[in-house]
Amino acid sequence: MHTKLTLLFAATLTCLTACSDKTAAPGAANAPTLADATAPKTVAAIKQEVTQAALPKADQSVPNEQYIDLHSGNQIMFQYLSLAAMPLDYKETANAYSPDFARASDEFRKNDLLTALKPKIDAEVAQAGKQRYVKMVLDRPIEKYDFEHKGFPLDGSIWESGSYRYFGDNSSYKLGFTNGDAFRYLTVASEDSARAIEGMRSKYDPLQLVVYAYTQQADITNKVVKAQIVKVALLDRKGNVLASQ
């Protein structure tokens with residue numbers, strides 16, 4: 001009797017297993033569980049959100065005319081130095097700022113040049129601290145129109161995590177954005193406008209994106225100026241605004 005019950009129990013387990021396998025949906029073994037879908041944010045992600053929330057924010061009412069045009073890595077360097085609020089390394093700064101200082105091999109001449117450059121460097125850093133509203137022009141900034149998002153994907157250097165922009169004359173200092181996710185797509189509400197822009201893009205007409213930003217913080221580890229994007233504007237070859245956000 002005991003043997004029969006054992007065999008019956010084993011058969012029942014086999015049936016349950018087989019039934020379970022047959023009724024399982026394809027790919028169910030790899031399907032995310034509820035725990036996966038509602039997993040809490042990582043400590044790093046929460047820390048980043050808290051840090052960004054504590055950063056100073058731009059005044060949205062500042063007019064375009066008050067944004068300083070960035071065209072040199074030295075400008076980013078001075079923004080960085082003003083935000084870092086650390087003792088200046090005048091030799092390192094002068095080496096990037098002055099070709100004469102960088103080329104000089106006579107130590108007495110270098111010392112004389114450094115003495116003359118220090119007040120200029122101090123003035124540049126002080127001025128950068130007063131001009132935290134900046135703008136940068138990007139060439140070929142959009143990709144083909146995205147129907148799902150009803151807009152144009154913008155250059156990855158704006159929104160990709162860890163990305164940044166820099167200038168060739170001083171590439172040691174870079175500009176990165178803290179809120180790039182909000183500007184991953186340039187949304188264009190009017191279909192006619194979107195068609196016109198896509199037509200220009202597909203024909204390789206010169207288009208530029210002006211990124212208006214507010215410098216917030218210096219990433220000392222990577223020499224990156226972190227900035228908040230305030231708005232962007234897409235321009236045609238004549239400087240006409242085609243779309244903005």
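Atom CZ in F101 sits 9.5 Å away from atom OG1 in T93 (nearest 0.5 Å). Here CZ of R165 is found 8.0 Å from CZ of F177. Values are rounded to the nearest 0.5 Å. From K223, atom NZ reaches atom OG of S171 across 10.0 Å, with rounding to the nearest 0.5 Å. Rounding to the nearest 0.5 angstrom, the gap separating the CD1 atom in I121 from the NZ atom in K118 is 9.0 Å. In this structure, CD1 on I158 lies 12.0 Å from CG on D181, to the nearest 0.5 angstrom. Considering CD of Q208 and CE of M136, their distance stands at 13.0 Å, rounded to 0.5 Å.
Shown here for R103 and D100, the closest heavy-atom pair between the two residues is NH2-OD1, 3.0 Å. When all heavy atoms of N179 and I229 are compared, the closest pair comes out as OD1-N, 2.7 Å. What you find for M77 and A96 is that their closest heavy atoms are SD-CB, 4.0 Å. Contact record, S244 with L186: C-CD1, 4.1 Å, taken as the closest heavy-atom pair. The two residues D69 and Q75 make their nearest non-hydrogen contact at O-NE2, 3.1 Å. Scanning all heavy atoms of the two residues, the minimum distance from A84 to A218 falls at N-CB, 3.7 Å.
Between D155 and S157, the side chains place a donor N or O and an acceptor N or O closer than 3.5 Å (distance only, hydrogens not considered). Checking K231 against N64 by side-chain atom types alone, a donor-acceptor pair falls below 3.5 Å.
A salt bridge is absent between E124 and K120: the closest approach of a Lys/Arg side-chain nitrogen to an acidic carboxylate oxygen does not fall below 4.0 angstrom. Between R201 and E198 there is a salt bridge, since at least one side-chain N of the basic residue sits less than 4.0 Å from a carboxylate O of the acidic one.
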Start with the C-alpha distance between N170 and I76, add both sets of side-chain angles, then the distance that settles side chain to side chain contact (heavy atoms under 4.5 Å, CB included), and finish with yes or no.
-> CA-CA 9 Å; N170 185 350; I76 298 178; over 6 Å; no
Stepwise side chain to side chain contact (heavy atoms under 4.5 Å, CB included) check, Q216 with K57 = CA-CA 7 Å; Q216 298 173 294; K57 299 298 186 291; 4.1 Å; yes
Pair F78-Q127, side chain to side chain contact (heavy atoms under 4.5 Å, CB included): steps then yes or no | CA-CA 8 Å; F78 291 126; Q127 187 67 17; over 6 Å; no
With side chain to side chain contact (heavy atoms under 4.5 Å, CB included) as the test, would you mind laying out the steps for H149 and T187 before giving the verdict?
-> CA-CA 7 Å; H149 294 89; T187 304; over 6 Å; no
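Between Y164 and N222 there is no side-chain heavy-atom pair separated by less than 4.5 Å. W159 is not listed as a side-chain neighbour of P153, based on a closest heavy-atom distance of 4.5 Å or more. For the pair L242 and M200, the minimum side-chain heavy-atom distance is below 4.5 Å. By the 4.5 Å heavy-atom criterion applied to side chains, I197 and Y145 are not counted as neighbours. At a threshold of 4.5 Å between non-hydrogen side-chain atoms, the residues Y80 and I220 count as touching. Contact annotation: the side chain of N240 never approaches that of L235 to less than 4.5 Å [non-hydrogen atoms, C-beta and beyond]. Counting heavy atoms from C-beta on, the side chains of D219 and K174 never come closer than 4.5 Å. Within the 4.5 Å cutoff, no side-chain heavy atoms of N111 are placed close to those of E107.
In this structure, V188 is a member of the same hydrophobic cluster as V211, with clusters built from ILVMFWY side-chain heavy atoms closer than 4.5 Å. Y67 is not connected to F183 by any chain of hydrophobic side-chain contacts under 4.5 Å among Ile, Leu, Val, Met, Phe, Trp and Tyr, and they are in different clusters. With hydrophobic clusters built from ILVMFWY side chains whose heavy atoms lie under 4.5 angstrom apart, L81 shares a cluster with L70. Both V134 and Y173 are members of a single hydrophobic cluster when ILVMFWY side chains are connected at heavy-atom separations under 4.5 Å. Taking hydrophobic clusters as Ile, Leu, Val, Met, Phe, Trp and Tyr residues chained together by side-chain heavy-atom distances below 4.5 Å, Y212 does not share a cluster with I142.
More than 12 heavy atoms of other residues, nucleotides or ligands sit less than 6.0 Å from atom OH of Y90.
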